[in-house]
Protein chains: 2
Amino acid sequence: MNTVFKALNDKTRRDILELLKDGDKTAGDIADHFQFSKPTISHHLDLLRQAELLTSEKKGQYIYYSLNTTVVDELLKWVLQFTPSFNQNPAYENK
Amino acid sequence: MNTVFKALNDKTRRDILELLKDGDKTAGDIADHFQFSKPTISHHLDLLRQAELLTSEKKGQYIYYSLNTTVVDELLKWVLQFTPSFNQNPAYENK
DNA sequence: TAAGTATTTAGATATTTGTCTAAATATTTA
DNA sequence: TAAATATTTAGACAAATATCTAAATACTTA
């Protein structure tokens, strides 16, 4: 969870995740949406990948980035523990 | 959302939130669960309060801290936008 | 009112972070 | 194979962060 929260603690990185909801994009396509240099965006992509919020795949000259929703599910569970309904619903029984 | 993610980007602060699931606690009670100095914990509590993840109430000599689940709901919505089911379910219709 | 307890504020410092430019790597195309 | 394109790596630097100790504030109790 540490790397996940670290990755999410930046507006640009959160915006990148939202961009990728619409479908996979290359590093360059992603960079074009922001005013930062390409190395800066590359660094953000790296942190998102470290947190496994993204996956990347090289196709020829390009690298395509995609959302990885597996970690999102873990995050969702983490957040749900704080919702009032969580402890009332036996489906979420906590050890 | 910025202050929320900032507040969550620290293990100690996330642990404080989990502590408070069991019920309200004073600043001192909270501090006793950690190895850090009281000023350090006080600072963490401040950041959590800035993010409105906690509320505080003074009672005599003590200050009681409580979870504030309102902001948790906003966070939950933010996370849900990335779950596959989100866009399929008309209940979560997005502007 | 003086001493004790609870908590925060202030100020210092080492570490982490976000950004940049320049250079390196890998692929495609002329 | 040389030039162009896509992306990352390396290294530098300013700003933000987490921590500490010392001091201040506020309340309670002897």
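In what follows, every chain begins at residue 1, and chains take the letters A, B, ... in the order their sequences are listed. What you are looking at is a predicted structure, and each value in this text was computed from that prediction instead of being measured. Computed over heavy atoms, backbone and side chain alike; hydrogens, waters and symmetry mates excluded.
Counting heavy atoms from C-beta outward, Val79(B) and Leu76(A) have side chains that approach closer than 4.5 Å. By the 4.5 Å heavy-atom criterion applied to side chains, Leu19(A) and Lys25(A) are counted as neighbours. Residues Thr40(B) and His44(B) are in side-chain contact: their nearest non-hydrogen atoms beyond the backbone lie under 4.5 Å apart. Annotation: side chain of Leu45(B) is in contact with side chain of Ile30(B) (closest heavy-atom distance under 4.5 Å).
Protein atom NZ of Lys38(B) is 13 Å distant from nucleotide atom C1' of dG4(C), rounded to whole Å. Atom CZ in Phe36(A) sits roughly 17 Å away from atom P in dT17(C) (whole-Å rounding). Per the geometry, CG belonging to Asp46(B) stands 11 Å off P belonging to dA10(C), to the nearest Å. The nearest whole Å value for the distance from the CD1 atom in Ile30(B) to the P atom in dT7(C) is 9 Å. Remark: P of dT17(C) and NZ of Lys6(B) are 14 Å apart, rounded to the nearest angstrom. Going from atom CD of Gln50(A) over to atom P of dT17(C) covers 10 Å, rounded to whole Å. We find that NZ of Lys25(B) is positioned 17 Å from C1' of dA6(C), with the value rounded to whole Å.
Nearest heavy-atom pair across Glu52(A) and Val71(A) is O-CG2, 3.3 Å. Closest approach of Asp10(A) to Thr12(A), counting heavy atoms only: OD1-N, 2.9 Å. For the pair Leu53(B) and Ala7(B), the tightest heavy-atom approach, listed with the atom from each and the gap, is CD1-CB, 3.9 Å.
Ring orientation note: the planes of Trp78(A) and Phe82(A) are nearly perpendicular, at an angle over 60° on the 30°/60° scale.
Side-chain polar atoms of Thr55(B) and Asn68(B) form no donor-acceptor pair below 3.5 angstrom.
At dT7(C), one or more side-chain N or O atoms of Thr26(B) fall inside 4.0 Å of OP1 or OP2 (strictly under the cut-off). Between His44(A) and the phosphate of dT19(C), there is a side-chain N or O to OP1/OP2 separation shorter than 4.0 Å. Ser42(B) has no side-chain polar atom (N or O) that falls below the 4.0 Å cut-off from OP1 or OP2 of dT7(C).
Using a 4.0 Å heavy-atom cutoff across all strands shown, Tyr64(A) reaches no nucleic acid atom at all. Among the heavy atoms of the strands, none lies under 4.0 Å from Ile41(B). Residue Phe34(B) is classed as having no contact, given no heavy-atom separation below 4.0 Å to the nucleic acid.
Mapping Gly28(A) and Thr40(B) onto DNA chain D via the closest heavy atom, the residue that lands nearer the 5' end is Gly28(A). Between Leu47(A) and Ile63(B), the one whose closest nucleotide on DNA chain C sits nearer the 5' end is Ile63(B).
Look at Asp15(A) and Lys11(A) and you find a salt bridge, because one of the NZ, NE, NH1 or NH2 atoms lies within 4.0 Å of a carboxylate O, short of that distance.
Taking 4.0 Å as the cutoff to heavy atoms of chain B, we find the contact window on DNA chain D bounded by dT17(D) to dT28(D).
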Close N or O pairs between protein and nucleotides 28-30 of chain C (under 3.5 Å):
none

